[in-house]
Structures are given as structure tokens and as C-alpha cells.
Amino acid sequence: MSKNNLNYSYMDFLSKVIVGIHEVSTITNIPVRKLRYWEEKGIIQAVDPTAKSRQFNLANIKKIILVQELLDDGYSLDGAARKVEDRIAKLDSLMSLIEI
DNA sequence: GTTCTCACA
DNA sequence: TGTGAGAA
């Protein structure tokens with residue numbers, strides 16, 4: 001097992017803290033309508049797609065904030081999404097290697 | 001309150 | 001790429 005307790009808790013935290021779409025919109029300053037559009041495009045995933053209203057976890061909120069910054073810098077939506085996926089994958093990979 | 005869908009820029 | 005609006 002390469003993950004230590006601290007890193008497991010961090011990933012656990014990111015995936016288990018769930019927030020309603022309206023609160024996500026308020027926090028990120030991104031319209032609900034746009035969040036639903038991104039979900040439709042597969043950039044972000046609702047916790048339970050079959051639920052009556054959408055909820056997102058903190059990992060998704062990180063994505064949302066990063067994607068929006070890249071869009072502001074002129075990236076296409078797909079380009080921004082790829083870059084964010086890449087960064088998160090690399091960071092998570094590094095986190096799993098760190099020994100405290 | 002939220003979602004869907006269609007139209008539109 | 002993102003929004004408006006009506007219906008549900």
C-alpha cells in the first residue's frame with residue numbers, strides 16, 4: 001500500500017463532500033446553466049446523475065475553478081478540460097508517492 | 001426550488 | 001461556448 005493515511009483522508013474528503021449545484025454556482029461564480037452545460041459535455045460529473053437535482057463533490061469544484069481560469073486565458077472548453085484532467089492526474093499521482 | 005428541450009447568438 | 005424561456 002503506497003498511500004499513507006493522510007493522503008487517503010485527503011482523497012476521501014474530496015470525493016465525499018458533496019454540494020448542491022446552486023451552492024457550487026455561488027461559490028465559483030459560475031451560472032447554474034453553465035455548470036449543467038459542462039456536465040452535459042462530460043467535463044464534470046454529478047454525484048448521482050439519476051438524482052432529481054445535481055450535486056457535485058469537492059474534486060469537481062476544483063475542476064470547475066481550474067477550467068474557468070483556463071477559459072479566461074483563451075483555451076477552448078475541451079482544451080481546458082484536457083489540461084485540468086492532466087494536472088489533477090499528475091498531482092494525485094505525486095500525492096500518492098509522498099511519505100510523511 | 002430544479003431539470004429538460006428547443007431556439008438562438 | 002453559452003444563454004433565454006417555457007413547460008414540467
Side-chain angles (χ1 to χ4, degrees):
Chain A
M1 182 71 85
S2 62
K3 286 179 182 173
N4 58 43
N5 291 333
L6 185 67
N7 290 326
Y8 178 78
S9 296
Y10 174 66
M11 303 299 291
D12 209 39
F13 177 71
L14 287 185
S15 64
K16 283 186 175 169
V17 175
I18 61 173
V19 183
I21 190 170
H22 190 79
E23 192 173 357
V24 174
S25 174
T26 301
I27 293 169
T28 60
N29 208 33
I30 293 174
V32 170
R33 192 70 179 70
K34 183 147 70 172
L35 293 173
R36 299 209 315 108
Y37 177 65
W38 289 6
E39 190 214 359
E40 184 186 351
K41 302 280 290 186
I43 280 54
I44 54 178
Q45 300 86 31
V47 172
D48 178 7
T50 69
K52 308 215 169 186
S53 66
R54 290 167 172 74
Q55 297 180 321
F56 299 96
N57 59 33
L58 284 192
N60 277 250
I61 295 181
K62 289 204 317 187
K63 268 194 215 175
I64 291 164
I65 293 169
L66 293 173
V67 166
Q68 183 59 62
E69 282 186 6
L70 293 182
L71 288 180
D72 291 341
D73 284 351
Y75 284 78
S76 69
L77 185 56
D78 287 338
R82 279 196 299 271
K83 188 149 182 156
V84 167
E85 287 298 325
D86 222 54
R87 282 186 56 81
I88 291 179
K90 284 179 182 173
L91 287 173
D92 287 348
S93 173
L94 283 177
M95 291 295 279
S96 71
L97 294 177
I98 293 174
E99 299 288 344
I100 302 294

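In what follows, chains carry the letters A, B, and so on, assigned in the order in which the sequence lines appear, proteins first and then strands, with residues in each chain numbered from 1.
Across A/Val24 and A/Ile61, no two heavy atoms sit closer than the pair CG2-CD1, 4.1 Å. The heavy-atom pair separating A/Ala81 from A/Val67 by the smallest distance is CA-CG2, 4.3 Å.
Cluster partners of A/Leu91, using a side-chain heavy-atom cutoff of under 4.5 Å among ILVMFWY residues and allowing indirect links: none.
The shortest distance between side-chain heavy atoms of A/Lys63 and A/Gln45 falls below 4.5 Å.
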side-chain contact (heavy atoms from CB on, under 4.5 Å) between A/Asn57 and A/Leu14, intermediate numbers included: CA-CA 6 Å; A/Asn57 59 33; A/Leu14 287 185; over 6 Å; no
Carefully, step by step, assess A/Asp86 and A/Arg82 under the rule salt bridge (Lys or Arg N to Asp or Glu O under 4.0 Å). CA-CA 6 Å; A/Asp86 222 54; A/Arg82 279 196 299 271; over 6 Å; no
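In terms of position on DNA chain B, the residue among A/Glu40 and A/His22 whose nearest nucleotide sits closer to the 5' end is A/His22.
Near DNA chain C, defined here as any heavy-atom distance below 4.0 Å, there are no residues from residues 48-62 of chain A.
One hydrophobic cluster, built from ILVMFWY side chains closer than 4.5 Å, holds both A/Ile65 and A/Leu77. Residue A/Met11 is grouped with residue A/Ile44 when hydrophobic side chains (ILVMFWY) are merged at heavy-atom distances under 4.5 angstrom, including chains of intermediate members.
Applying the side-chain hydrogen bond (donor to acceptor under 3.5 Å, both in side chains) test to A/Asn29 and every residue at least two apart in sequence or in another chain returns nothing. For A/Asp48, the side-chain hydrogen bond (donor to acceptor under 3.5 Å, both in side chains) partners at least two apart in sequence or on another chain are A/Thr50.
Taking 4.0 Å as the cutoff to heavy atoms of chain A, we find the contact window on DNA chain B bounded by B/dT2 to B/dC6.
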At under 4.0 Å between heavy atoms, how does the protein contact nucleotides 1-8 of chain C? Give one character per nucleotide, 5' to 3', with B, S or -. BBBBB---
